[in-house]
A.B. asks: 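One structure is given below, represented as structure tokens, and several questions about it will come after.
Below, read A as the first sequence line, B as the second, and so on, with proteins coming before strands; counting in each chain starts at 1.
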Number of protein chains: 2
Amino acid sequence: MATIDDVAKLAGVSKGTVSNVFSKKRPIGPEATKRVFEAARQLGYYPNHIARSLAIRKTMIAGLRMPIPKDGMMSQFEIQMINGVLNECAKHGFRVLLDTLPEHDDPNQFTVDPVDGVIMLNPRREDLRIEMYRQIGMPLVLVGRPDPMDPGVSYVDNDNAELACEVGRYLLSFGHESILFLNASSDMTVAFDRERGLAAALAEQGMPLPPEQVMNYSRELHRSPTEYGYRAVLETMKSRSYTAVVADTDRVALGVLRAARELGLNVPDDLSVIALSNDARLAQEMTPPLTCVELSAEMLGAQAAQILMEKMENANVVRQHTVRAKLVFRESCKKRPR
Amino acid sequence: MATIDDVAKLAGVSKGTVSNVFSKKRPIGPEATKRVFEAARQLGYYPNHIARSLAIRKTMIAGLRMPIPKDGMMSQFEIQMINGVLNECAKHGFRVLLDTLPEHDDPNQFTVDPVDGVIMLNPRREDLRIEMYRQIGMPLVLVGRPDPMDPGVSYVDNDNAELACEVGRYLLSFGHESILFLNASSDMTVAFDRERGLAAALAEQGMPLPPEQVMNYSRELHRSPTEYGYRAVLETMKSRSYTAVVADTDRVALGVLRAARELGLNVPDDLSVIALSNDARLAQEMTPPLTCVELSAEMLGAQAAQILMEKMENANVVRQHTVRAKLVFRESCKKRPR
DNA sequence: CTGAAAGCGCTTACAG
DNA sequence: CTGAAAGCGCTTACAG
């Protein structure tokens, strides 16, 4: 592989000159420029990004640390997150180093990556890496709040409890009182937060959220989220009749809609359906179009990237954003029938 | 930021020793090892990946060049491709540098990236970059075939014409003769290939594929692929009655199913529906479950990555794989009603 | 087991 | 406008 030295020699100039021809950092005479380009062409020379990075201590690369589930399937959330990060970074001329390797927080394994800053997904409790990044002065933004909280670290996150509460209030305002909640898998913190939020909304009206109104997704029991929604409704509607269903995701809601159809229930006339997040961007294409919460994973990613860009300019900035997901009203909810 | 020199000084050893303590490339005495780790801890020293890469000429990073549509929305195809690449790379301990920046093929802009090899999506005609990578000896694998063909470059691709032909044969074997083809946007080469393939299947039975049986998606005319499928069926079924619909994607098929429902047509009894690719992994969750082609973008990505790993071992290997997408039979197609 | 020194391929004051 | 040289932070024969 041709190096800057080879080019300098062939063109009869110094390597400094070659360097500046390519980087345009200082003006080089037209004669020399021509000879350099010609020599480079002949030799098949292209500047080496690594050597350059080492010299100028800048890579124009952002790191994204995000372990991938062992089954290799990224959720729609992760995908949209990546998308947001990618787009925002591209705007600023940055590329992205995707690090999906299992995490080591053995300090003796840690290395200073070829990036100018990093975005880290789902930090663990007492995550040692946060401190390591601080030590080496690497700009860092978390997606998901640090635990314990730390006023010095930047992050973006959304407020799942608040969100579920809002959804609850919305349904209550329509007069729904018997609400079936098809929650996420019980081992996810988000499931906990959402149940808490929905319960809070009910509590505001002096109503409880009895356990039998809450179901949880389970990988073992359900073939897919859609299947989960379908079965859950079919089974519970036998013994009780709800007027509203809060589904974990739009895919779960897809199953709910199917079950409703089979039971001869019209949505939204007989049954209101609402989803707490969108897995598959299909909400607006369902029949009827689904009222749901836009989790804006994409926004989360974009904001994280934007904050990172700021931090790279000025190491002192600290941003802690709670991204408010928004409720998108479509046609699957209606006033309670009487 | 602490460097290897600082550590060496504080620990009272040479930098070579420090280097070897971290890399374990040669054994270092327990005394020295302890002093080095202690000094490193005190100083907050972590090895610099860039400097290391420069010295050993290896990064353990694979490059993925893949321009993103200006609207920032990656298709499911691209997403799954990335997923495949990521997983396969992770298996081999590689990380991935995602380069979504607009492409420059100005040779004077080209740079040797901090990667050990690259996967390049959708090469252009006469793509200059292929030659540049060859010149610097960078292992390269394309996703999508090079044009013009080049026996020296490795790639993976799938055979869209063949696929569409197979789908055509399948429907014909069920006795369907009036087939509506809801094709992709006409400016995509894949749309061209698919139409050719379907026409070939019909030609085998001495039948034509008249233009009025083929429609094309259009960003301007249709709000979404689902909307496209919905409207197309509603409108064409007025004047003609088809017994089968070939949809571009599962999302288009979703609209077709809805339209059929509204028209009182039972799928598959009255109308067979089949999709040529899956955008949204929802085929199996539709009612009825959709027969469709699994494009295996994920496999495409995984295979590209695997070939890249091979090439990094041995620069001489050349692999040219046509990944055969597979038809997945579910319940949306049936023998033609008579 | 350890050290001194050259080298990886570039950039950038400094001097002219 | 251009060159010579030190420096970015690591690795690795070579010598002991």
A.B. asks: If you pin B/R57 and B/P27 to their nearest nucleotides in DNA chain C, which one's is more 5'?
C.D. replies: B/P27
A.B. asks: Would you indicate whether A/M299, at its atom CE, is surrounded by more than 12 heavy atoms from other residues, nucleotides or ligands within a distance under 6.0 Å?
C.D. replies: no
A.B. asks: Would you mind telling me which of D/dC8, C/dC1, D/dC10 lies closest to the side-chain atoms of A/L54?
C.D. replies: D/dC8
A.B. asks: What I want to check is whether the side chains of B/E38 and B/Q42 have a donor and an acceptor closer together than 3.5 Å.
C.D. replies: yes
A.B. asks: Could you tell me whether a side-chain N or O of B/R65 sits under 3.5 Å from a main-chain N or O of B/D99, the two making a donor and an acceptor?
C.D. replies: no
A.B. asks: Under 4.0 Å between any heavy atoms, over every strand shown, what does B/K15 touch: base, sugar-phosphate, or nothing? Just pick one.
C.D. replies: base
A.B. asks: Counting side-chain heavy atoms from C-beta on, which of D/dG3, C/dG9, C/dC1 comes nearest to A/T3?
C.D. replies: C/dG9
A.B. asks: Is any N or O donor-acceptor pair between the side chain of B/R26 and the base of C/dG3 shorter than 3.5 Å?
C.D. replies: yes
A.B. asks: For B/A32 and for B/I56, find the nucleotide of DNA chain C with the closest heavy atom, then tell me which residue's nucleotide is more 5'.
C.D. replies: B/A32
A.B. asks: What is the nucleic acid contact for B/F22, judged by heavy atoms within less than 4.0 Å: base, sugar-phosphate only, or nothing?
C.D. replies: nothing
A.B. asks: Expressed as a whole number of Å, how far does the C1' atom of D/dT12 sit from that of D/dG16?
C.D. replies: 16 Å
A.B. asks: Decide ring-ring contact (aromatic ring centres under 6.0 Å, His included) for A/Y46 and B/Y133; before the verdict, give the C-alpha distance in whole Å, the side-chain angles of both, and the deciding distance to 0.1 Å.
C.D. replies: CA-CA 10 Å; A/Y46 306 98; B/Y133 282 122; 8.9 Å; no
A.B. asks: Could you state the atom-to-atom distance from CG of A/N48 to P of C/dG7 in whole Å?
C.D. replies: 18 Å
A.B. asks: Of all the choices, C/dT2, C/dT11, C/dC1, which nucleotide is nearest to the side chain of A/R52 once you look at every atom?
C.D. replies: C/dT11
A.B. asks: Hey, which sits more toward the 5' end of DNA chain D by its nearest nucleotide, B/N20 or B/I50?
C.D. replies: B/I50
A.B. asks: ring-ring contact (aromatic ring centres under 6.0 Å, His included) between B/Y45 and B/F37: does it pass, once the steps are laid out?
C.D. replies: CA-CA 9 Å; B/Y45 166 79; B/F37 277 142; over 10 Å; no
A.B. asks: For A/I28 and C/dT12, what is the distance between atoms CD1 and C1' respectively, to the nearest whole Å?
C.D. replies: 12 Å
A.B. asks: Just to be sure I understand the rule, does B/V13 reach a base, reach only the sugar-phosphate, or reach nothing, if contact means heavy atoms closer than 4.0 Å?
C.D. replies: sugar-phosphate
A.B. asks: Kindly point out which of C/dC10, D/dT2, D/dT11 is positioned nearest to the side chain of B/A55?
C.D. replies: D/dT11
A.B. asks: Could you state the NZ-P distance from A/K24 to D/dC1, rounded to the nearest angstrom?
C.D. replies: 15 Å
A.B. asks: Strictly by Watson-Crick or wobble contacts shorter than 3.5 Å, is anything paired with C/dA4, and which nucleotide is it?
C.D. replies: none
A.B. asks: Within the 4.0 Å heavy-atom criterion, would you say A/G29 contacts the bases, only the backbone, or no part of the nucleic acid?
C.D. replies: sugar-phosphate
